[in-house]
Amino acid sequence: MKTIVRLDLSPQQANRVPAGDPVGEGSQIYFEGGDITGQTTDAIVNAANSSLMGGGGVDGAIHRAGGPAILEECRNIVARDGHLPPGEAVQTTGGKLKAAFVIHTVGPIWRDGMQGEAGILTSAYRNSMRLADRLALHSVALPAISTGVYGYPPKAAAEVAVSTVADELLASRSLHQARFVLWNSEMLSIFVQAARELQQRRKAEHWSFTTLEIDDSNP
Ligand code: AR6
């Protein structure tokens, strides 16, 4: 069994608006463990580096699973526009992935927290979400950007990630679902805890959390 936590940001609105109206679907953030490359969302966000030439971690996994077409598109983007600055986002197709698009962004390298790291991490999530919305996508899967090789402390990263993604979902036109796909159960509980604390800080009593137990024995 796999545990997935769903956060409904607008359940009251969902009850009021007739079915079939896109607004009536409300906005949800899901939190789950696992490998992001298997996601069936419209797009997957990649924690890349400025060269867009691939690497380790989630970047390596996405290029391996998606095949060489993604790297080829990245090469063309860099040839045209140069390196991708930290905090910015660009899209390629998803290659062999189930997701139609990969949105490549670059998080900050953590130094001491005083070098603008939080602002860059906010921009990386914000620009990824806005790009997905501009592409008229409905759903996007996101990793814990910068918390691996780039060394961002997980709790601080989770606070930025959850608050930025919630704000962007509520402001978006077409994007209604964000799925945080976290590599291990510790990161999963840090992200869920960050969401609960955000709810308290914002006094957002209408937000509701649901824990779903999914049978994933027959993928
Ligand atoms: N699915 C979901 N999450 C994953 C996966 C996966 N398949 N693999 C790793 N993670 P990282 P960064 C988690 O290092 O810190 C690359 O070399 C991982 O446990 O992938 O932004 C790039 O090319 C961690 O929590 O990205 C850059 O050079 C999170 O994803 C550099 O690393 C991010 O870890 C970017 O570093």
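Numbering of ligands and ligand atoms starts at 1, following listing order.
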Contacts satisfying salt bridge (charged side-chain N to carboxylate O under 4.0 Å, His left out) that involve residues 122-131 (not counting sequence neighbours) are Arg126-Glu168, Arg130-Glu168
Please list all pairs meeting salt bridge (charged side-chain N to carboxylate O under 4.0 Å, His left out) that have one or both residues in residues 156-166, counting only residues at least two apart or in different chains.
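For residues 156-166: Lys155-Glu159.
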Is the contact between Ala61 and ligand 1 made by the side chain, the backbone, both, or neither, using heavy atoms and a 4.0 Å cut-off?
side chain
Contact partition for Val181 relative to ligand 1, non-hydrogen atoms under 4.0 Å
backbone
NZ or CZ of Arg179 within 45° of Phe31 ring axis and under 6.0 Å
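Geometry flag: not set, cation outside 6.0 Å or 45°.
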[atom]: which protein heavy atom is closest, and how many Å away?
| atom | answer |
| --- | --- |
| atom 3 (N) of ligand 1 | Trp183 CB, 3.8 Å |
| atom 25 (O) of ligand 1 | Thr147 OG1, 2.7 Å |
| atom 21 (O) of ligand 1 | Ser146 N, 2.8 Å |
| atom 28 (O) of ligand 1 | Asn49 ND2, 3.2 Å |
| atom 14 (O) of ligand 1 | Val149 N, 2.9 Å |
| atom 31 (C) of ligand 1 | Tyr150 CE1, 3.6 Å |

For [X], take its heavy atoms, then give the atoms of ligand 1 lying under 4.0 Å from any of them.
| X | answer |
| --- | --- |
| Met187 | 25 (O) |
| Gly34 | 1 (N), 2 (C) |
| Gly55 | 17 (O), 23 (O) |

Between Glu73 and Thr93 (side chain of the first, backbone of the second, donor and acceptor by atom type, cut-off under 3.5 Å), is there such a pair?
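Looks like yes, one N/O pair under 3.5 Å.
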Run down the list [options] and name the one with the heavy atom closest to [atom].
| atom | options | value |
| --- | --- | --- |
| atom 7 (N) of ligand 1 | Ile145, Asn46, Val106, Asp35 | Asp35 |
| atom 8 (N) of ligand 1 | Leu182, Val58, Ile44, Leu52 | Val58 |
| atom 33 (C) of ligand 1 | Ala144, Ala47, Pro143 | Ala144 |
| atom 34 (O) of ligand 1 | Gly54, Ala65, Gly148 | Gly148 |
| atom 22 (C) of ligand 1 | Asp59, Thr105, Ile36 | Asp59 |
| atom 16 (C) of ligand 1 | Gly57, Pro154, Pro108, Gly56 | Gly56 |

Any nitrogen or oxygen of Thr37 lying under 3.5 Å from a nitrogen or oxygen in ligand 1? Just yes or no.
no
I'd like to check whether Gly151 has a polar contact with ligand 1, where a contact means an N/O of the residue lying under 3.5 Å from an N/O of the ligand.
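No, there is no polar N/O contact under 3.5 Å.
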Taking everything shown except Glu186 itself, do over 12 heavy atoms lie less than 6.0 Å from its CD?
no
Is the number of heavy atoms from other residues, nucleotides or ligands within 6.0 Å of CE (Met1) greater than 12?
yes
Pair Asp167 + Arg202, salt bridge at N-O below 4.0 Å
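A salt bridge is present here (some side-chain N lies under 4.0 Å from a carboxylate O).
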Pair [X]-[Y], side-chain donor/acceptor within less than 3.5 Å:
| X | Y | value |
| --- | --- | --- |
| Thr3 | Glu213 | yes |
| Gln39 | Glu32 | yes |
| His104 | Thr92 | yes |

Check for me whether Gly107 has a heavy atom closer than 4.0 Å to any atom of ligand 1.
no
Looking at ligand 1, would Ser51 count as a contact under a 4.0 Å heavy-atom criterion?
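Contact check Ser51 vs ligand 1: negative.
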Shared hydrophobic cluster for [X] and [Y] (ILVMFWY, side-chain gaps under 4.5 Å):
| X | Y | value |
| --- | --- | --- |
| Met187 | Val162 | yes |
| Val58 | Tyr150 | no |
| Phe180 | Tyr30 | no |

